[in-house]
Amino acid sequence: MTDGILSIQSHVAYGHVGNSAAAFPLQRLGFEVWPVPTVIFSNHTGYGAWRGHLLKIDEIREIIEGIDERGALNRCTALLSGYLGDAALGTAVLETLSRIRAQRPGVLYACDPVMGDRNGGLFVNPELPGFFIRHAVPAADIITPNHFELDLLADTAVATMNEALEAAAKVRAKGPRLVVATSLLLAETKPELSVLADTAEGSWLVTTPDLPIELNGTGDAFTALFLGFYLLEQGDVARALGRAVSAMYAIVAQTVAEGSRELALVAAQESYLAPAHEFEVRQLR
């Protein structure tokens with residue numbers, strides 16, 4: 001029986017956000033994935049109309065219990081969390097993490113602190129930023145905030161490279177060993193987007209063109225790709241960063257070519273391991 005990744009986040013039947021964006025990339029990289037939904041929607045809310053509902057915390061606990069009864073938690077390599085909806089669901093994630101670590105103390109926790117973005121601002125329950133700052137971020141090994149979320153977690157306004165490094169270090173001081181900040185618009189690299197990976201041992205940066213499209217689910221897919229490559233590369237941050245950014249760019253480029261508003265995860269799957277362009281990873285310190 002193989003080990004796997006437990007992924008707790010939203011699910012949509014149509015399109016690619018949450019687990020519907022994260023599970024397939026991880027599976028395509030060769031990982032077993034056990035997706036647990038926090039919401040079950042027909043489609044992501046960016047369409048303006050959707051059907052479905054948030055799961056109650058007891059429903060999530062029941063699903064986790066069933067997974068544990070299959071012996072899966074004892075074979076869990078990593079826990080991945082994304083969109084939660086409210087702090088009560090976040091509590092269920094941290095309960096699950098404690099449950100897994102009681103069986104496998106070294107299990108990795110990758111937390112995508114989904115709260116908002118620079119275009120739409122905060123789009124979750126107002127209590128969630130405090131939950132992430134006080135509880136989820138200290139428990140995580142890896143966090144993957146976007147620019148807006150990095151500002152929230154560090155209680156600052158990042159505009160330059162030095163400010164991004166300072167903010168990442170400030171967030172790391174709360175507990176995680178690795179901060180991967182995505183979609184950074186920095187004075188030194190505008191109009192390109194930057195992705196920064198920051199650890200106590202070093203910091204690395206990758207920049208890519210900012211493609212002319214607004215998509216939901218890019219953060220979900222990127223976090224999954226980074227986690228997968230981080231595991232495949234046995235903790236080599238620079239290699240994982242370069243591979244994840246290059247794969248994600250290939251997905252978005254394919255989506256632009258298709259003129260779709262949903263990530264072309266299936267059409268671009270060959271690019272996960274063999275992207276047309278591999279972006280340079282620059283070490284900052």
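Counting begins at 1 with the first residue of the sequence.
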State whether the number of non-hydrogen atoms from other residues, nucleotides or ligands found under 6.0 Å of Glu214 atom CD is greater than 12. no
Take a 6.0 Å sphere around CG of Asp236 and say whether it holds more than 12 heavy atoms from other residues, nucleotides or ligands. yes
Does the Thr156 side chain pair with the main chain of Ala167, one donor and one acceptor, at a distance under 3.5 Å? no
Under 4.5 Å between any side-chain heavy atoms of Leu73 and Arg101, yes or no? no
Sequence neighbours excluded, the answer for side chain to side chain donor-acceptor pair (under 3.5 Å) partners of Asp198 is Arg172, Ser203, Arg285
With sequence neighbours left out, write down each residue that passes side chain to side chain donor-acceptor pair (under 3.5 Å) with Thr91, or none if nothing qualifies. none
Can you tell me if Glu188 uses its side chain to pair, donor with acceptor, with the backbone of Met161 under 3.5 Å? yes
Can you tell me how far CD of Glu59 sits from CD1 of Ile64, rounded to the nearest 0.5 angstrom? 12.5 Å
What donor-acceptor contacts under 3.5 angstrom involve side-chain atoms of residues 78-86, with partners at least two apart or in another chain?
unit_1, atom_1, unit_2, atom_2, d
Ser81, OG, Tyr109, OH, 2.8
Asp86, OD1, Ala88, N, 3.1
Asp86, OD1, Leu89, N, 3.0

cation_pi(Arg239, Tyr230) dist<6.0 Å, angle<=45: no
How about Pro176 and Asp141: do any of their side-chain heavy atoms sit closer than 4.5 Å? no
If you draw a 6.0 Å radius around CZ in Arg282, do more than 12 non-hydrogen atoms from other residues or ligands fall strictly inside? no
Is Arg104 reaching over with its side chain to a backbone N or O of Arg75, donor-acceptor style, under 3.5 angstrom? yes
Check whether Thr38 reaches the backbone of Ser10 with its side chain - one donor and one acceptor, N or O, closer than 3.5 Å. yes
Gap separating the CG atom of Asp3 from the OG1 atom of Thr77, nearest 0.5 angstrom: 4.0 Å
Do the side chains of Phe123 and Thr45 get nearer than 4.5 Å, heavy atoms only? no
Nearest 0.5 Å please: distance from the SG atom of Cys76 over to the CH2 atom of Trp34. 6.0 Å
Could you check whether His44 and Phe41 have their ring centres less than 6.0 Å apart? no
Would you sort out whether Asp68 and Arg99 count as a side-chain contact (heavy atoms from CB on, under 4.5 Å), showing the intermediate values? CA-CA 9 Å; Asp68 195 20; Arg99 189 169 180 170; 2.9 Å; yes
Should Leu108 and Leu231 count as side-chain neighbours, where that means a heavy-atom distance under 4.5 Å? yes
Rounded to the nearest 0.5 Å, what's the gap from CE on Met115 to CG on Asn125? Could you check? 12.5 Å
Distance from Ser183 atom OG to Arg118 atom CZ, nearest 0.5 Å? 6.0 Å
Name the atoms and distances for all side-chain donor-acceptor pairs under 3.5 Å in residues 49-57, with sequence neighbours left out.
none

Just by modelled atom types, is the Val36 backbone N or O under 3.5 Å from a matching donor or acceptor in the Asn19 side chain? yes
With distance as the sole test, does Glu163 use its side chain to make a donor-acceptor pair with the main-chain N or O of Thr160 at under 3.5 Å? yes
Please check this pair: side chain of Gln103 against backbone of Ile100, looking for a donor-acceptor N/O pair closer than 3.5 Å. no
Check side chain to side chain donor-acceptor pair (under 3.5 Å) between Ser20 and all other residues, then give those that pass, not counting sequence neighbours. His11
Any side-chain heavy-atom pair from Leu205 and Thr207 closer than 4.5 angstrom? yes
Could you give the side-chain donor-acceptor pairs of residues 243-251 under 3.5 Å, partners two or more places apart or in another chain?
unit_1, atom_1, unit_2, atom_2, d
Arg243, NH1, Glu233, OE2, 2.8
Ser246, OG, Gly242, O, 2.8
Ser246, OG, Phe279, N, 3.0

Can you tell me if Ser194 and Thr189 form a side-chain donor-acceptor pair at under 3.5 Å? yes
Testing the 3.5 Å rule here: is there a donor-acceptor pair between the side chains of Gln9 and Ser7? yes
Do Thr218 and Asn216 come close enough that some side-chain heavy atom pair is under 4.5 Å? no
At their closest point, which heavy atom of Phe24 faces which heavy atom of Leu265, and how far apart are they? CE2-O, 3.6 Å
Can any side-chain N or O of Glu149 pair as donor or acceptor with the backbone N or O of Asn146 at less than 3.5 Å? yes
Heavy-atom donor-acceptor pair, Lys170 side chain to Ala154 backbone, under 3.5 Å: yes
To the closest 0.5 Å, what do you measure between CD (Glu262) and CG (Leu215)? 8.0 Å
For Val158, does its backbone N or O pair with a side-chain atom of His147 as donor and acceptor, under 3.5 Å? yes
Under 4.5 Å between any side-chain heavy atoms of Leu150 and Leu184, yes or no? yes
For atom CD of Gln234, is the number of surrounding heavy atoms from other residues, nucleotides or ligands below 6.0 Å larger than 12? no
